[in-house]
Amino acid sequence: MKNSDNLLEVHPQEFVEFLNQANIRQFYFVFDRAQKKIIASHPELQPIADFILTDKRDFLEHEGLFFRVTEKYDTLLGAFVHRTVRGQAAGGVRFWQYDNLESYLRDGLRLAKGMTRKNALAGIWWGGGKGVISHNPSLDKNDPEIRAYLYRQYGEFLTALRGCYVTAEDAGTNVTDMHNVFSQTRFTTCIPAGVGGSGNPSVPTASGIVCGMEAALDFLNLGNLEGKTIAIQGLGNVGQPLVKFLFEKKVKKIVAADIYPELVDKTSAQFSEYNFEAYLVDRSDASILFTECDIVSPCATGAILNKTTIPKIQAKIICGAANNQLEDAARDDDLLHERGIVYVPDFLTNRMGIVTCADEQFGYVTSDPFIEQHLTRDWEFSIYQTTLRVLNESGKTGVPPARVAMRLADELSMQPHPIFGHRGQQIIDSLMNELFSE
Ligand code: NAD
């Protein structure tokens with residue numbers, strides 16, 4: 001058995017083994033704002049709390065981190081609540097495999113903080129959080145029965161957390177999984193359309209990317225999208241409608257790449273009447289980013305803007321849907337800025353997923369003004385206006401745009417919810433003494 005000092009280095013399943021032997025099924029780390037320390041639910045877990053507290057990279061005074069191990073299948077479920085000043089923590093639940101406990105915790109911390117910023121910049125009344133389920137590699141993650149069990153357990157877990165975190169769909173999680181979560185808790189969004197959910201948000205996400213591109217072009221006084229050449233990495237759920245919207249805006253040419261031949265063939269056929277060129281790449285081929293064009297739009301995976309790729313980029317603007325495009329947020333924001341490339345921060349333009357699903361309990365209106373305002377030119381918090389505000393500020397101060405956007409987001413994230421105030425923290429406070437008294 002591991003001792004509690006080196007738990008961060010062990011595989012999440014070894015950590016689960018440690019918890020089982022210590023008879024711990026649920027645990028938490030809660031930030032004590034007054035004393036500026038993190039309180040662990042169990043003394044043997046305090047070294048983990050101390051590690052998180054001293055971490056400068058991913059920890060940003062997260063209000064509470066909650067965990068449970070499933071009775072069957074030994075799977076670690078986590079709910080990472082970053083900041084709930086604007087409302088309960090909202091963000092998707094990821095089902096992913098990790099090499100060690102530290103990378104599992106870091107992913108949750110980083111993603112939760114990212115959701116606070118995305119939601120605040122979007123002007124929606126939600127705080128930020130993220131769920132992470134660590135995939136137990138001894139299980140077949142595609143087995144429908146195992147998945148159903150795990151996601152129902154996740155729903156039960158959220159019910160026990162009383163709504164300080166409200167989940168949604170994220171990488172590794174699908175619509176059926178969300179249905180299973182919903183069967184056990186009301187604290188979820190992104191449920192299937194058949195039971196009152198908002199359905200697939202990828203089309204509005206693509207519209208949001210177009211707004212970001214238009215703002216960046218305006219910032220550079222380059223006119224509109226007409227006649228421009230765009231390179232798109234990834235022809236998936238967002239990439240495909242993006243191609244359509246861009247041709248509607250009369251772009252001159254689109255070059256795109258994907259790793260799936262079916263998608264390359266399908267889109268080539270679909271857009272055969274336009275100046276559209278799609279080609280097949282393997283996963284490590286980033287050549288699409290180096291296309292001679294006006295705008296590069298990363299719509300595949302994260303960390304693609306880095307020391308190796310940035311020097312080869314020829315476009316003036318980068319604006320796409322992929323999450324966490326900068327491999328190293330500070331370094332790569334600087335590198336792009338030094339090269340005079342305008343980077344539109346992903347968490348600013350790819351908001352439409354959370355925007356369409358976060359408030360689905362308030363019902364639906366055709367062409368919903370609350371949703372469509374994000375895609376307008378005039379609303380203060382629209383993607384266009386926020387992008388322009390961030391780029392103008394960056395231009396004025398010389399501070400790279402992702403950093404400007406983060407600063408603005410952090411400021412907005414401290415505005416209390418107009419009706420409920422900082423209720424998420426109250427929920428956490430009330431949980432502290434009750435939920436985990438086993
Ligand atoms: P998706 O999985 O449907 O599409 C991604 C596409 O990228 C796939 O077709 C895949 O084959 C391709 N791809 C992967 N690696 C590649 C590579 N190295 N080169 C070229 N293509 C590659 O995902 P999506 O829903 O279209 O989302 C795209 C990105 O935007 C993801 O990073 C996602 O997290 C992010 N995002 C999506 C939404 C949304 O509403 N769908 C919202 C916010 C953020």
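Keep in mind that what you see is a predicted model, and the values were worked out from it rather than measured. Positions are given from 1 along the sequence. Start at 1 and go down the list; that is how both ligands and their atoms are numbered.
Counting heavy atoms closer than 4.0 Å to ligand 1, residue A257 contributes backbone atoms (N, CA, C, O) but none from C-beta onward. With a heavy-atom cut-off of 4.0 Å, C299 touches ligand 1 through its backbone alone.
Considering only non-hydrogen protein atoms, atom 37 (C) of ligand 1 sits nearest to V238 CG2, 4.0 Å. For atom 40 (O) of ligand 1, the closest heavy atom belonging to the protein is T205 OG1, 2.7 Å. Atom 31 (C) of ligand 1 has its closest protein heavy atom at A300 O, 3.3 Å. In this structure, atom 17 (C) of ligand 1 lies nearest to the protein heavy atom I259 CG2, 3.8 Å. Counting only heavy atoms of the protein, atom 43 (C) of ligand 1 lies nearest to N350 O, 3.4 Å. Regarding atom 41 (N) of ligand 1, its nearest protein heavy-atom neighbour is S202 OG, 3.2 Å. Annotation: atom 4 (O) of ligand 1 to nearest protein heavy atom, G236 CA, 3.3 Å. The nearest heavy-atom contact from the protein to atom 34 (O) of ligand 1 is N323 ND2, 3.0 Å.
Put simply, the residue from T188, D170, T167 that forms a side chain to side chain contact (heavy atoms under 4.5 Å, CB included) with V93 is T167. Evaluated for a side chain to side chain contact (heavy atoms under 4.5 Å, CB included) with V399, the options H337, E393, R407 yield exactly one hit, R407. T84 pairs in a side chain to side chain donor-acceptor pair (under 3.5 Å) with only one of the listed residues (Q425, H417, E63), which is E63.
No more than 12 heavy atoms of other residues, nucleotides or ligands shown are found within 6.0 angstrom of CH2 on W96. Environment of CZ in R33: crowded, with over 12 heavy atoms of neighbouring residues, nucleotides or ligands closer than 6.0 Å. Remark: Y279 OH is packed, more than 12 non-hydrogen atoms of other residues, nucleotides or ligands lying under 6.0 Å away.
Side-chain polar atoms of T116 and R83 form no donor-acceptor pair below 3.5 angstrom.
Residues passing the side chain to side chain contact (heavy atoms under 4.5 Å, CB included) test with L53, sequence neighbours excluded: F31, K37, I38, F59. Here Y165 pairs with nothing under the ring pair (Phe, Tyr, Trp, His ring centres under 6.0 Å) rule; sequence neighbours left out.
When the heavy-atom distances from atom 8 (C) of ligand 1 to D258, N200, D346, I288 are ranked, the shortest goes to D258.
One finds a salt bridge joining D218 and R377 here, because a Lys/Arg side-chain nitrogen approaches an Asp/Glu carboxylate oxygen to under 4.0 Å. Here R403 pairs with D334 in a salt bridge; the nearest charged N to carboxylate O distance falls below 4.0 Å.
For atom 2 (O) of ligand 1, the nearest protein heavy atom is 4.0 Å or more away.
Here is the list of ligand 1 atoms found below 4.0 Å of a heavy atom in Q233: 19 (N), 20 (C). Each of the following atoms of ligand 1 lies closer than 4.0 Å to a heavy atom of L263: 9 (O). Ligand-side atoms of ligand 1 in range of Y260: 11 (O), range being under 4.0 angstrom from any heavy atom. Taking every non-hydrogen atom of P201 and a distance limit under 4.0 Å, the qualifying atoms of ligand 1 come out as 40 (O). Using a 4.0 Å cut-off to heavy atoms of A321, the atoms of ligand 1 that qualify are 30 (O), 35 (C), 36 (N), 44 (C).
Checked against a 3.5 angstrom limit, the closest N/O atoms of K118 and ligand 1 fall outside it. For ligand 1, the polar-atom distance check against D285 finds no nitrogen or oxygen pair separated by under 3.5 Å. In terms of N/O distances under 3.5 Å, ligand 1 is not approached by G239. The shortest N or O to N or O distance between G353 and ligand 1 is not under 3.5 Å. When only interatomic distances are considered, the shortest N/O to N/O separation between V281 and ligand 1 does not fall below 3.5 Å. By the 3.5 Å distance cut-off applied to N or O atoms, N237 is counted among the residues near ligand 1. For the pair R283 and ligand 1, the shortest N or O to N or O distance falls below 3.5 Å.
The aromatic rings of F27 and F29 sit perpendicular, their planes meeting at an angle over 60°, well past the 30° parallel limit. Relative orientation of the F67 and Y104 rings is tilted, given thresholds of 30° and 60° on the angle between their planes.
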In sequence, state the C-alpha distance, the side-chain angles, and the governing distance for L220 and I317, and then conclude on side chain to side chain contact (heavy atoms under 4.5 Å, CB included). CA-CA 9 Å; L220 290 174; I317 295 168; 3.7 Å; yes
